[in-house]
A.B. asks: 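Submitted below is the structure of interest, expressed as structure tokens.
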Amino acid sequence: MSTRFRRPGPKVGFVLPLVVVAGALLGACGDGAAPPDYTADELEAAKAELRDHARLRTFEAGKLFGEAWVARAPDDAELRGLYAYQLVGWGMAREVREQADAILAEDPENAWGTYAKAYAHLLDGESNLAVETVRKAWETSPQPEFAFLYLRALAPVDFDAARELLESFDEETRAWPEVMRMKALIESQARYTLDDPTWADTTRATLQQFIDRFPNHVIGYTRLANEAYNARRMDEWTTLMETALELAPGSGDVRSQHWRGLWQSELLPAEERQAAVEASMAAYREASPETVEGLQTMASMYRQMEDEERAAELEARIVETDPGGYHAMLVYLEETRRASRKQQEMWQAHGADSPEYRAELPVVRDAAYRYLERPLYSNRFHGGVYLDLYSALEEMDPIPGEELAEAIRGLAKYERLNPYFTFGQAPLSMIDHTPYALEAIDIVREGMPVMLERLNESRDRFDTEGEFDQLLRGYLTGIYDVIGWAHFKAGRVEDGRHTLERALAISEGSRNVRYHLGQVYEQLAAEAEEEGAGDTEAATEWLDKAEDSYIAGFGASRGENPNEAALEALYESRNGSREGIEEYLATLDERDRNRRRERILESRVEAAGTYEPFTLARLDGELIDSTDLEGKIAVLHFWGTWCGPCIVEMPEYQKFDERYRDDAEVAVLSISNDRTNDVIEDYLAENDFDFTVLVDDDYVTRAGVSAWPTTWFVDREGYIQFVKIGTALKLDEEFSWRVEALREETTSSP
């Protein structure tokens with residue numbers, strides 16, 4: 001395979017051949033078919049041109065070029081398969097499937113047809129089907145394109161199998177650019193899947209080798225540029241992007257990466273960024289034919305730059321050009337997403353009870369209905385839209401029960417990205433707010449295979465089987481909780497009690513199960529009172545069980561806890577007033593506090609290890625070296641303004657930082673994963689926060705941090721003794737327990 005460098009002209013591949021109506025101009029062949037208006041050499045050259053478009057990611061021109069050639073040579077399966085890949089670049093699953101069907105109708109075993117069909121599965125989110133389908137193509141006819149897709153489809157499904165497949169290829173196959181490209185992607189994935197940051201260096205080495213061998217393949221430059229950008233090596237990023245743009249000035253993929261880098265980085269002063277992006281857009285328009293794909297790419301960038309007027313102009317042209325097409329669907333979807341983002345902004349700024357937030361709920365609902373009522377290209381995004389619709393309806397007061405039920409049915413039919421929400425939280429809402437409690441049971445049971453499959457996919461993320469077993473128990477508890485609560489709400493009290501008690505036997509730590517059981521026990525107490533003259537002793541026993549259940553669930557997790565309100569109501573009912581309730585609850589608070597402290601101190605890392613050293617800059621530019629922490633207890637808190645859970649606990653984190661700010665024995669540092677200092681500084685100023693922030697220089701990758709927020713508690717010798725992933729119930733208090741435990745440990749040692 002040639003690796004000779006070829007510099008394309010400014011409009012790569014956009015010289016469309018004329019489609020000649022062969023039957024009219026050239027007469028008929030002896031078998032009644034019109035003769036082709038091309039030679040065999042021209043056909044091979046067209047296939048080479050399509051591969052060039054794939055190499056340069058100029059899918060805008062590639063689609064048009066392939067469309068014209070498929071009209072001329074509709075019986076050539078390889079040509080259709082190569083054209084299908086151009087459509088993949090546009091995300092057009094339906095058209096890719098049409099190409100596959102056209103090939104397979106003539107020859108059901110054709111490898112190119114199977115290849116195109118596998119891509120259709122991949123675009124539709126059918127990952128396992130994509131793997132099985134492309135495997136057949138590869139085994140039938142080893143081709144570079146088939147090897148690439150086989151690895152691409154397999155890696156997210158079974159990472160180990162993808163690595164084994166890669167290793168099984170012979171030397172010649174591993175030297176194909178398509179395979180080498182996937183090798184780099186698999187190595188990049190290994191950073192996170194294997195929790196080993198050293199794979200970042202391996203990835204960069206492979207990408208550099210790719211560029212050296214294939215200097216006319218644009219993907220090597222863009223992937224390596226992405227690595228440079230994440231590490232904030234902007235001089236390197238600039239050089240790589242300039243080469244990529246020189247190779248493929250008409251590629252929307254390359255251009256959008258360039259625009260984002262110009263806009264989001266500190267490469268240019270803020271006031272110069274939009275002009276630089278628009279200059280690059282003008283060059284893109286000069287080098288590429290105008291397509292709805294290109295218009296969509298530019299509109300998305302204008303949205304990012306908050307230039308709503310320009311974005312709307314481009315989106316209107318997309319809808320006018322192809323109102324039922326894939327890109328028009330993306331325009332309609334953006335409307336729903338804007339409404340959802342505005343709702344989230346109002347929640348963060350004003351809270352869930354504010355009139356500003358509540359005014360956005362019908363806006364989100366109406367946007368979702370408009371989307372679902374349109375003649376859409378596909379149902380690909382229905383799940384997310386139904387999720388937005390459900391979330392808005394559930395927050396309304398009063399909740400529209402029938403609308404909510406329909407939204408949950410839509411979720412159950414289409415939403416698979418969040419199965420534990422779709423088949424867990426949403427059915428609970430159906431039970432509580434609609435008359436369809438028993439239907440909720442059907443939804444949960446139908447969703448169990450989906451939930452368990454997703455759970456199994458995450459198995460390799462756990463260090464021990466015990467950790468995985470704990471998670472499995474939690475999900476099974478949630479399933480039984482929904483089923484038991486549904487039985488109870490449908491009037492089947494005993495069925496509900498037995499199912500909820502089974503849920504509790506699997507996992508005792510669920511606040512929902514504790515609350516639901518308490519409600520069941522209160523109902524059984526009421527029924528005991530009503531029977532005959534009233535069984536006071538039995539009623540008292542049931543109420544005692546209800547009280548115990550609420551107490552066990554009291555303080556179990558962050559946020560509003562239904563057990564607390566239920567316990568207060570039960571106390572008032574049993575005592576005839578609220579007198580003495582504060583003393584009663586204070587006793588429970590202290591008991592819960594002691595339990596939490598015990599659990600936290602027992603969560604010490606079993607085999608403590610040191611952490612990756614760092615030298616990171618503060619926002620003011622001062623460098624902080626990890627060696628400065630020697631001899632101190634250190635708290636390293638990883639967060640980002642983009643991380644919703646991080647933002648929720650930041651006021652508590654500020655209090656914790658202030659607690660130890662003047663303590664010479666303790667160092668509290670936060671490491672932000674945000675892309676620019678401006679974002680961090682604006683956030684701190686808006687919220688009047690002044691805790692120390694270090695700017696991540698790809699340290700999270702080197703250190704293997706993959707979840708936010710994550711907090712390390714490091715002893716004086718530099719060993720991580722506690723790790724907290726996710727938000728804390730009471731951050732200031734619980735973080736302090738860990739710090740003081742490490743301090744006491746050092747003080748008491750000989």
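Numbering of residues begins at 1 and proceeds along the displayed sequence.
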A.B. asks: Within the side chain of Ser603, is there an N or O that forms a donor-acceptor pair under 3.5 Å with the backbone of Ile600?
C.D. replies: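 Yes.
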A.B. asks: Kindly confirm or rule out a cation-pi arrangement of Arg337 over Phe381, judged by NZ or CZ under 6.0 Å from the six-membered ring centre and within 45° of its axis?
C.D. replies: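 Output yes; distance and angle both within limits.
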A.B. asks: Compare all side-chain heavy atoms of Arg152 with those of Leu122 and state whether any distance is below 4.5 angstrom.
C.D. replies: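 In contact.
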A.B. asks: So, Arg454 side chain and Arg416 main chain: donor-acceptor pair closer than 3.5 Å or not?
C.D. replies: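 Confirmed, Arg454 side chain pairs with Arg416 backbone.
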A.B. asks: Judged by modelled atom types alone, do Glu522 and Tyr550 share a side-chain donor-acceptor pair under 3.5 Å?
C.D. replies: yes
A.B. asks: Please tell me whether Gln523 and Glu527 have a donor and an acceptor in their side chains that are separated by less than 3.5 angstrom.
C.D. replies: yes
A.B. asks: Answer yes or no: is there a donor N or O on one side and an acceptor on the other, between the side chain of Asp158 and the main chain of Leu154, under 3.5 Å?
C.D. replies: no
A.B. asks: Between the main-chain N or O of Gly351 and the side-chain N or O of Ser354, is there a donor-acceptor pair closer than 3.5 Å?
C.D. replies: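 Yes: the side chain of Ser354 pairs with the backbone of Gly351.
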A.B. asks: Taking NZ, NE, NH1 and NH2 as the nitrogens, is one of them in Glu334 or Arg341 under 4.0 Å from a carboxylate oxygen of the other?
C.D. replies: yes
A.B. asks: Take Val88 and Leu123, measure what side-chain contact (heavy atoms from CB on, under 4.5 Å) needs, and give me the verdict at the end.
C.D. replies: CA-CA 8 Å; Val88 171; Leu123 290 175; 4.2 Å; yes
A.B. asks: Do we see a donor-acceptor contact under 3.5 Å between the side chains of Glu403 and Tyr369?
C.D. replies: yes
A.B. asks: Is the number of heavy atoms from other residues, nucleotides or ligands within 6.0 Å of CG (Asp353) greater than 12?
C.D. replies: no
A.B. asks: Regarding Trp485 and Asp432, do their side chains bring together a donor and an acceptor under 3.5 Å, going by distance alone?
C.D. replies: yes
A.B. asks: Taking the six-membered ring of Tyr436, is the NZ or CZ of Arg409 close enough (under 6.0 Å from the centre) and on axis enough (within 45°)?
C.D. replies: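 Yes.
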A.B. asks: Flag the pair Gln189 / Phe159 as yes when at least one side-chain heavy-atom distance between them is below 4.5 Å, and no otherwise.
C.D. replies: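 Side chain of Gln189 against side chain of Phe159, heavy atoms only: contact under 4.5 Å found.
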A.B. asks: Considering only heavy atoms from C-beta outward, does the side chain of Leu87 approach that of Tyr119 to under 4.5 Å?
C.D. replies: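 No. Closest side-chain heavy atoms not under 4.5 Å.
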A.B. asks: Going by heavy atoms in the side chains, are Leu455 and Tyr420 under 4.5 Å from each other?
C.D. replies: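 Yes; the side chains approach each other to less than 4.5 Å.
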A.B. asks: Test your reading of the model: is there a side-chain donor-acceptor pair from Asn379 to the backbone of His382, 3.5 Å cut-off?
C.D. replies: no
A.B. asks: Under 3.5 Å, side chain of Gln343 to main-chain N/O of Leu361, donor-acceptor pair present?
C.D. replies: no
A.B. asks: Is any side-chain heavy atom of Tyr480 closer than 4.5 Å to one of Leu504?
C.D. replies: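 Contact flag for Leu504/Tyr480 side chains = no.
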A.B. asks: Indicate yes or no: at least one non-hydrogen side-chain atom of Glu453 is less than 4.5 angstrom from one of Asn128.
C.D. replies: yes
A.B. asks: Using modelled atom types only, decide if a donor and an acceptor are shared between the side chain of Arg358 and the backbone of Ala352 within a distance under 3.5 Å.
C.D. replies: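 Yes; judged by distance alone, with no hydrogens or angles, the pair exists.
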A.B. asks: Tell me, please, which residues at least two apart from Tyr192 pass side chain to side chain donor-acceptor pair (under 3.5 Å).
C.D. replies: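 Partners of Tyr192 by the side chain to side chain donor-acceptor pair (under 3.5 Å) criterion come out as none, since no residue qualifies.
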A.B. asks: Check whether Glu415 reaches the backbone of Asn418 with its side chain - one donor and one acceptor, N or O, closer than 3.5 Å.
C.D. replies: yes
A.B. asks: Can you find a side-chain donor-acceptor pair between Tyr357 and Glu345 that sits under 3.5 Å?
C.D. replies: no
A.B. asks: Pairs in or reaching into residues 538-549: which pass salt bridge (charged side-chain N to carboxylate O under 4.0 Å, His left out), with residues at least two apart or in two chains?
C.D. replies: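 For residues 538-549: Asp544-Arg574, Glu547-Arg574.
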A.B. asks: Please check: side-chain N/O of Arg94 versus main-chain N/O of Tyr377, any donor-acceptor pairing under 3.5 Å?
C.D. replies: yes
A.B. asks: Any side-chain heavy-atom pair from Tyr150 and Arg135 closer than 4.5 angstrom?
C.D. replies: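 Yes, at least one pair of side-chain atoms sits under 4.5 Å.
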A.B. asks: Given the side-chain rings of Phe421 and Tyr390, with only the six-membered ring counted for Trp, is the space between their centroids under 6.0 Å?
C.D. replies: yes
A.B. asks: Charged N to carboxylate O below 4.0 Å: is that the case for Glu360 and Arg365?
C.D. replies: no
A.B. asks: Within the side chain of Asn512, is there an N or O that forms a donor-acceptor pair under 3.5 Å with the backbone of Asp481?
C.D. replies: no
A.B. asks: Stepwise, does the salt bridge (Lys or Arg N to Asp or Glu O under 4.0 Å) test hold for Arg497 with Glu501?
C.D. replies: CA-CA 6 Å; Arg497 178 171 73 88; Glu501 287 176 346; 3.3 Å; yes
A.B. asks: Is the closest side-chain heavy-atom distance between Arg445 and Ile483 below 4.5 Å?
C.D. replies: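 They are in contact (side-chain heavy atoms under 4.5 Å apart), so the answer is yes.
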A.B. asks: Do Arg380 and Tyr326 pair up side chain to side chain, a donor and an acceptor below 3.5 Å, judged on atom types alone?
C.D. replies: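 Looking only at side-chain atoms, Tyr326 and Arg380 do form a donor-acceptor pair, the distance falling under 3.5 Å.
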A.B. asks: Are any of the side-chain nitrogens in Arg338 or Glu335 under 4.0 Å away from the carboxylate oxygens of its partner?
C.D. replies: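 A salt bridge is absent here (no side-chain N lies under 4.0 Å from a carboxylate O).
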